[in-house]
Each structure stands twice: as C-alpha cells, then as structure tokens.
Amino acid sequence: MAFRSIKGTKDVLPADTHRWQHIESVVRSVFQRFNYKEIRTPLFEQTALFSRSIGELTDIVGKEMYTFEDRSGDRITLRPEGTASVIRAFIQNNLAEQLPLTKVYYIGPMFRQERPQAGRLRQFHQFGAEAIGSPCAEVDAEVIAMAIEVYRTLGLRQYSLKINSVGCEKCRPLYKVKLQEELRKIAPQLSADSQRRIDENPMRVLDSKDEQDQKLTADMPLINQFLCEECSLHFSDVQRMLESFGITYTVNGRLVRGLDYYTKTAFELTSTELGSQDALAGGGRYDLLAKELGGKQTPGVGFAAGIERLLMVLEKTGYPFADSDHPQVFIAAADDPARAWTIAETMRLRGAGIAAETDLLRRSLKAQMREADRQRALHVLVVGERELVEGKAALKSMQDGTSRMIPLDAIALALTDTST
RNA sequence: GUGGCCAUAGUUCAGUUGGUUAGAACGCCAGGUUGUGGCCCUGGAGGUCGUGGGUUCAAGUCCCACUGGCCACCCCA
C-alpha cells in the first residue's frame, strides 16, 4: 500500500505553487503598506496556551485540536489559530517595552481535526494580523480595512462584511444573565446544541443556523442594546471610521465568533461564491487576552483569513493568475559532441543571473525543442560542433520564430538586449 | 462525531439487461527523410477496473465489509 498524505491535508503541487506565491506576495505588500511586520512563531505550543486563550468550552479546544504528549511527557498542541502564539511571543519577548503599539502579521499553516469538506481542511493556511497596544477604535477600523484591502487588491467584490460588538467584562455579564433567563424559557424547544450552550455560551445560541432556533430567538434581546457606554461609543466610532474609509458593512447583532477571547468589536467577512464554508476572514478585539495569558493587561485587535478559501473564490471568479516563471533561454545540443559545452554554458549563464535550461535527458534535438516550447522558454540557442568551431550560433525567439546569429562568448549580452 | 454520493489509464470520463483480447479525449513517448517547437498526421507506452470477501458457468458490471475521496450537518478560515 503506497503512502498517502494524512486525511485533510493537501500537497500544493509545482503547477500551483505560483498561485500561492502570488497571494502571499499581495498579502505581504498590502500589510507592508499598512506598516505591519512579519512575525514567525512555532507551529506548536503548550496545549494550555490554546485552551486558556481560545476557551475550554469552544469546539476548537474541545474537539478539534491536535494534541499529544512529547517524549518528555509535555502536552503539546499544533496551533489551531495564530493569535494565541502571537500574544505569547509578545509577552515573552517584552515587545510592549519597545513600542507603544506592535503591529505584526503572519502567514502559515493551522491545524484542526475536523471532518474535511469543501473549503475545510485539517491543515489549512491563514494570513492574519494583530495590532497590540491600542484600545482605540482607529485600530479596529484599520485592521478591518487592511483585511478588505487584500481582497480589493485581488479584485474581489463578492463578499460581505458583518460586524458586531460583543461587549466587555463590564456589560457582557449582565447581558448574558438576561439572555440566559430568556433562553431558559424556551429551552425545551431549542436544538440539543443550543440547549447545551445556554449555560456554556448563550450568545452562540443566537448565532445558531438551526431554523427552528432562529425563529424561536427572533425576539431575543441582542448585545447591542446592553452595551455599556464605553463599548457603545467604541462601536459607533468603529462604524464611523469604516464609513469614512468607504467600506460598506452590515451590523449583525447575533454575530459571535468561535473563540472566547473577543471583546467589543467582532467581524466576519463571508463570500457569496463559496459553499457552506463561506467565511473568508474573521477577527475582532481581545482586550483581556494578554492578561489572561499572564502578561500585563494590553488591548489588541486582529484577524485571520483562509488562503485556501481565497484561492477557491479567485479560481471560481476566473482570476487571471499569471503564468509561472519560464526560462529566458533553453540551450539545445544539436549533436552529442556539443553536450559537454551546452551543460557548462547553461551553468555559466545561471551564474550570470540568467534563467537558463538545457536538456538533461540526452534527447533528440526535436525533443529538446518540444521541451523548450513546453517550458515556454523565451529563446532557444541550438549549438552543435559546427557552432562551436565557428564561435557563433542562431538564437531563436520562440514567440515569433525568428532567429539571429550571436557570438557564443556573449550570450548573456544578447539575451539582455532582446529581453527588454 | 452523524448522514448522503462516489471509487475504471498520469488526468477527465465512457463502459449497453453480468458474457470472448476494458475504450475515448487530453497528457506522455517516438516518427512524418538530411540539425529546430507550437498546428496537423501516424504509431507507441500506460489499467492486478480502490482493497478483501461473496453470488454466478461467467463480475468493471450484482451483494457485503473495509479503505479512500467528495459533499452536507456541525464548526469555522
């Protein structure tokens, strides 16, 4: 039995890597414009880091993490998301002491053991950003705008932005009690999941996709109406700023995210082009997280976005991905005696900074030409004994088929002339 | 974790009510006279029909199990 990749993991094959690289380069350039610096944290951490930050009762911690004991008996978990690691690194390295506001981003794999389906993998990839150190609505708005700027840069229009405020440690507890009271009245009619959540996380009940639940909770009080003055002001500031950026959004009072650390702003970007896994990106503010993880109380905001889902949308909407790179020149050997020279010359050209390729299979000239064509080489230089004696050869343009004689000791020069 | 659908060449698929050497397209390889690609033509390689059982004179074709894939629930990126 041949080996297969682990269920829910995928190879990005050589024919597709340029698409990933393109997205990554767009992400990096957008983030760079917003002055966020890359941070690279380990792919695995102590299990407790995630259970404490994301929340013991969440699905992610409760049933989706890849957790194991290493050989020394430590509890290790493959990161299911990026924020916890970033905050851990922020605290551990005392970044707060260096700058009042730390703006970082990451790109990389995350791991969650869910049942794979369209747009959902066990190892998937996210890009995300965190701004740590400011309680101001400006940062919330900037982070949201930056996420949107990535999609905008890629020409994506088929998405919608939903925002909400989930309150803070002052106002949310009051709301929770009130909501639980109301939910208990109709508890028997709710779905099993929702019944369980009344105690664990009542706000998630309102976010249930069960139609019956939706109907029953239609008139439930929303967090909106219970926000304290600070949260309420903050939320309206965020909205005002988004509007000033020209960003359209809808307020969804039922929006709750699956990670418990959010306070105040929560947002989600969904695509109309995807199946049931339609979230492109999500994020929010987490003012209590740093303290929860043992650091000083430090406000923060961030978001994470799925690369596979972005790729799916771009492919579906026919995004014009550029071709992958092709050689500037293919050096073909017209006869066997010339082969020693063609391979050596190819190496020299590469050393001179030119993308050059040659035949490594000792094939016929016809086969070499086919190969050059398949590789979309810009030029082919056919060299045999005759050319070596004469010191010049025909440089053929594969686009228009024309060729011109060039001296064999100045190939690089000839190529830089023509390629401009 | 629960359900539904699917499983034939590298890829996408076709294989009639179970019946002799399992097909196509694309891709790959080689040719189409003397050292030059793309188009076209010719030829070729490539499949233990996911695996294991069973029914039958006979199974890619029917039944069962397993494995894998896809999709949905759930959850989220």
Side-chain angles (χ1 to χ4, degrees), chain A residues 1-10 13 15 54 58-64 79-83 107-128 147 159 191-194 196-197 201 204 207-211 213 255-259 268-271 274-283 303-313 330-338 359 361 363-387 393-403:
Chain A
M1 211 34 166
F3 287 110
R4 309 189 95 264
S5 63
I6 302 289
K7 184 202 277 280
T9 68
K10 276 197 172 135
L13 298 173
I54 298 168
T58 59
D59 283 12
I60 293 178
V61 172
K63 46 192 194 191
E64 295 171 3
R79 67 178 185 194
E81 61 106 37
T83 304
I107 303 178
M110 304 296 164
F111 307 85
R112 290 171 11 193
Q113 188 168 182
E114 295 185 86
R115 189 83 168 256
Q117 71 180 76
R120 190 166 76 190
L121 293 168
R122 293 273 254 189
Q123 175 177 333
F124 60 102
H125 299 78
Q126 291 187 327
F127 57 88
Y159 59 80
S191 65
D193 276 334
S194 288
R196 182 170 47 76
R197 289 194 182 116
N201 191 347
R204 293 288 300 281
D207 204 21
S208 166
K209 280 169 199 151
D210 185 286
E211 275 186 42
D213 288 358
L255 176 69
V256 192
R257 317 242 49 254
L259 301 92
E268 205 169 85
L269 213 68
T270 55
S271 168
L274 292 175
S276 74
Q277 308 302 314
D278 64 352
L280 282 175
F303 81 95
I307 295 180
E308 283 87 352
R309 288 185 191 174
L310 173 54
L311 225 30
M312 284 171 79
V313 178
F330 188 102
I331 312 280
D335 46 44
D336 284 337
D359 175 51
L361 296 171
R363 285 174 287 191
S364 68
L365 181 59
K366 186 187 177 97
Q368 292 180 62
M369 291 302 294
R370 252 202 301 272
E371 188 60 35
D373 185 54
R374 176 167 34 219
Q375 298 289 336
R376 311 267 221 106
L378 266 41
H379 303 278
V380 172
L381 189 73
V382 179
V383 178
E385 274 186 296
R386 199 171 69 215
E387 285 78 4
L395 181 69
K396 177 172 183 172
S397 160
M398 293 298 273
Q399 273 111 77
D400 54 30
T402 61
S403 46

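All chains are named by letter (A, B, ...) in the order of the sequence lines, taking the proteins before the strands, and each is independently numbered beginning at 1. Side-chain atoms are counted along with the backbone in the values below, which use heavy atoms only and exclude waters and symmetry mates.
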Evaluate A:E114 against A:R122 for salt bridge (charged side-chain N to carboxylate O under 4.0 Å, His left out), listing each step before the verdict. CA-CA 6 Å; A:E114 295 185 86; A:R122 293 273 254 189; over 6 Å; no
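- Here A:Q113 lies out of heavy-atom contact (under 4.0 Å) with every strand.
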So what does the secondary structure string of RNA chain B come out as, 5' to 3', with Watson-Crick or wobble pairs under 3.5 angstrom, [ ] for crossing and | for pairs with another strand? (((((((..((((.....[...)))).(((((.......))))).....(((((..]....))))))))))))....
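- Between A:E308 atom CD and A:F124 atom CZ the span is 8.0 Å, to the nearest 0.5 Å.
- B:G18 and B:G52 are spaced 24 Å apart, taking the P atom of each and rounding to whole Å.
- Comparing B:U8 with B:C40, their P atoms sit 29 Å apart, to the nearest whole Å.
- Going from the C1' atom of B:A24 to that of B:C63 covers 31 Å, rounded to whole Å.
- Rounding to whole angstrom units, CG of residue A:L365 and P of B:G32 are separated by 12 Å.
- Residues A:Q368 and A:I331 share a closest heavy-atom pair of OE1-O, 4.3 Å.
- On the P atoms, B:A25 is 10 Å away from B:U42, given to the nearest whole Å.
- Separating the C1' atom of B:G1 from that of B:G60 is a span of 34 Å, rounded to the nearest Å.
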Give every pair of a protein N or O atom and an N or O atom of nucleotides 72-77 of chain B that lie under 3.5 Å apart, one pair per line with the distance.
{"unit_1": "B:A72", "atom_1": "OP1", "unit_2": "A:S276", "atom_2": "N", "d": "3.4"}
{"unit_1": "B:A72", "atom_1": "OP2", "unit_2": "A:Q117", "atom_2": "NE2", "d": "2.9"}
{"unit_1": "B:C73", "atom_1": "OP2", "unit_2": "A:S276", "atom_2": "OG", "d": "2.7"}
{"unit_1": "B:C73", "atom_1": "N4", "unit_2": "A:R120", "atom_2": "NH2", "d": "3.0"}
{"unit_1": "B:C74", "atom_1": "N3", "unit_2": "A:R120", "atom_2": "NH1", "d": "2.7"}
{"unit_1": "B:C74", "atom_1": "N3", "unit_2": "A:R120", "atom_2": "NH2", "d": "3.3"}
{"unit_1": "B:C74", "atom_1": "N4", "unit_2": "A:Q117", "atom_2": "OE1", "d": "3.2"}
{"unit_1": "B:C74", "atom_1": "N4", "unit_2": "A:R120", "atom_2": "NH1", "d": "3.0"}
{"unit_1": "B:C74", "atom_1": "N4", "unit_2": "A:Q277", "atom_2": "NE2", "d": "2.6"}
{"unit_1": "B:C75", "atom_1": "OP1", "unit_2": "A:R197", "atom_2": "NH1", "d": "2.5"}
{"unit_1": "B:C75", "atom_1": "OP1", "unit_2": "A:R197", "atom_2": "NH2", "d": "2.5"}
{"unit_1": "B:C75", "atom_1": "O3'", "unit_2": "A:R204", "atom_2": "NH2", "d": "3.2"}
{"unit_1": "B:C75", "atom_1": "O2'", "unit_2": "A:E64", "atom_2": "OE2", "d": "3.3"}
{"unit_1": "B:C75", "atom_1": "O2", "unit_2": "A:E114", "atom_2": "OE1", "d": "3.1"}
{"unit_1": "B:C75", "atom_1": "O2", "unit_2": "A:R120", "atom_2": "NH1", "d": "2.9"}
{"unit_1": "B:C75", "atom_1": "N3", "unit_2": "A:Q277", "atom_2": "OE1", "d": "3.0"}
{"unit_1": "B:C75", "atom_1": "N4", "unit_2": "A:Q277", "atom_2": "NE2", "d": "3.4"}
{"unit_1": "B:C76", "atom_1": "OP1", "unit_2": "A:R204", "atom_2": "NH1", "d": "3.4"}
{"unit_1": "B:C76", "atom_1": "OP1", "unit_2": "A:R204", "atom_2": "NH2", "d": "3.4"}
{"unit_1": "B:C76", "atom_1": "OP1", "unit_2": "A:G258", "atom_2": "N", "d": "3.3"}
{"unit_1": "B:C76", "atom_1": "OP2", "unit_2": "A:R204", "atom_2": "NH2", "d": "2.8"}
{"unit_1": "B:C76", "atom_1": "O3'", "unit_2": "A:R112", "atom_2": "NH2", "d": "3.0"}
{"unit_1": "B:C76", "atom_1": "O2'", "unit_2": "A:R112", "atom_2": "NH2", "d": "2.7"}
{"unit_1": "B:C76", "atom_1": "O2", "unit_2": "A:R309", "atom_2": "NH1", "d": "2.7"}
{"unit_1": "B:C76", "atom_1": "O2", "unit_2": "A:R309", "atom_2": "NH2", "d": "2.9"}
{"unit_1": "B:C76", "atom_1": "N4", "unit_2": "A:K209", "atom_2": "NZ", "d": "3.0"}
{"unit_1": "B:A77", "atom_1": "OP2", "unit_2": "A:R257", "atom_2": "NH1", "d": "3.0"}
{"unit_1": "B:A77", "atom_1": "OP2", "unit_2": "A:R257", "atom_2": "NH2", "d": "2.1"}
{"unit_1": "B:A77", "atom_1": "O4'", "unit_2": "A:Q126", "atom_2": "NE2", "d": "2.7"}
{"unit_1": "B:A77", "atom_1": "O3'", "unit_2": "A:A279", "atom_2": "O", "d": "3.4"}
{"unit_1": "B:A77", "atom_1": "O3'", "unit_2": "A:L280", "atom_2": "O", "d": "3.2"}
{"unit_1": "B:A77", "atom_1": "O3'", "unit_2": "A:A281", "atom_2": "N", "d": "2.9"}
{"unit_1": "B:A77", "atom_1": "O2'", "unit_2": "A:A279", "atom_2": "O", "d": "2.6"}
{"unit_1": "B:A77", "atom_1": "O2'", "unit_2": "A:L280", "atom_2": "O", "d": "3.2"}
{"unit_1": "B:A77", "atom_1": "N7", "unit_2": "A:R112", "atom_2": "NH2", "d": "3.3"}
{"unit_1": "B:A77", "atom_1": "N6", "unit_2": "A:E114", "atom_2": "OE2", "d": "3.3"}
{"unit_1": "B:A77", "atom_1": "N6", "unit_2": "A:L121", "atom_2": "O", "d": "3.4"}
{"unit_1": "B:A77", "atom_1": "N1", "unit_2": "A:L121", "atom_2": "N", "d": "3.3"}

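- Spacing between B:G19 and B:A58 at atom C1', rounded to whole Å, works out to 7 Å.
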Grab the N/O contacts between the protein and nucleotides 37-48 of chain B below 3.5 Å, and write none if there aren't any.
{"unit_1": "B:G37", "atom_1": "O2'", "unit_2": "A:D373", "atom_2": "OD2", "d": "3.3"}
{"unit_1": "B:G37", "atom_1": "N7", "unit_2": "A:K396", "atom_2": "NZ", "d": "3.1"}
{"unit_1": "B:G37", "atom_1": "N1", "unit_2": "A:M398", "atom_2": "O", "d": "2.7"}
{"unit_1": "B:G37", "atom_1": "N2", "unit_2": "A:D373", "atom_2": "OD1", "d": "2.9"}
{"unit_1": "B:G37", "atom_1": "N2", "unit_2": "A:M398", "atom_2": "O", "d": "2.8"}
{"unit_1": "B:G37", "atom_1": "N3", "unit_2": "A:D373", "atom_2": "OD1", "d": "3.2"}
{"unit_1": "B:G38", "atom_1": "O4'", "unit_2": "A:D373", "atom_2": "OD2", "d": "3.2"}

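- For the C1' atoms, the distance linking B:U21 with B:U2 amounts to 47 Å, nearest Å.
- One P atom belongs to B:U20, the other to B:C62, and the distance between them is 16 Å to the nearest Å.
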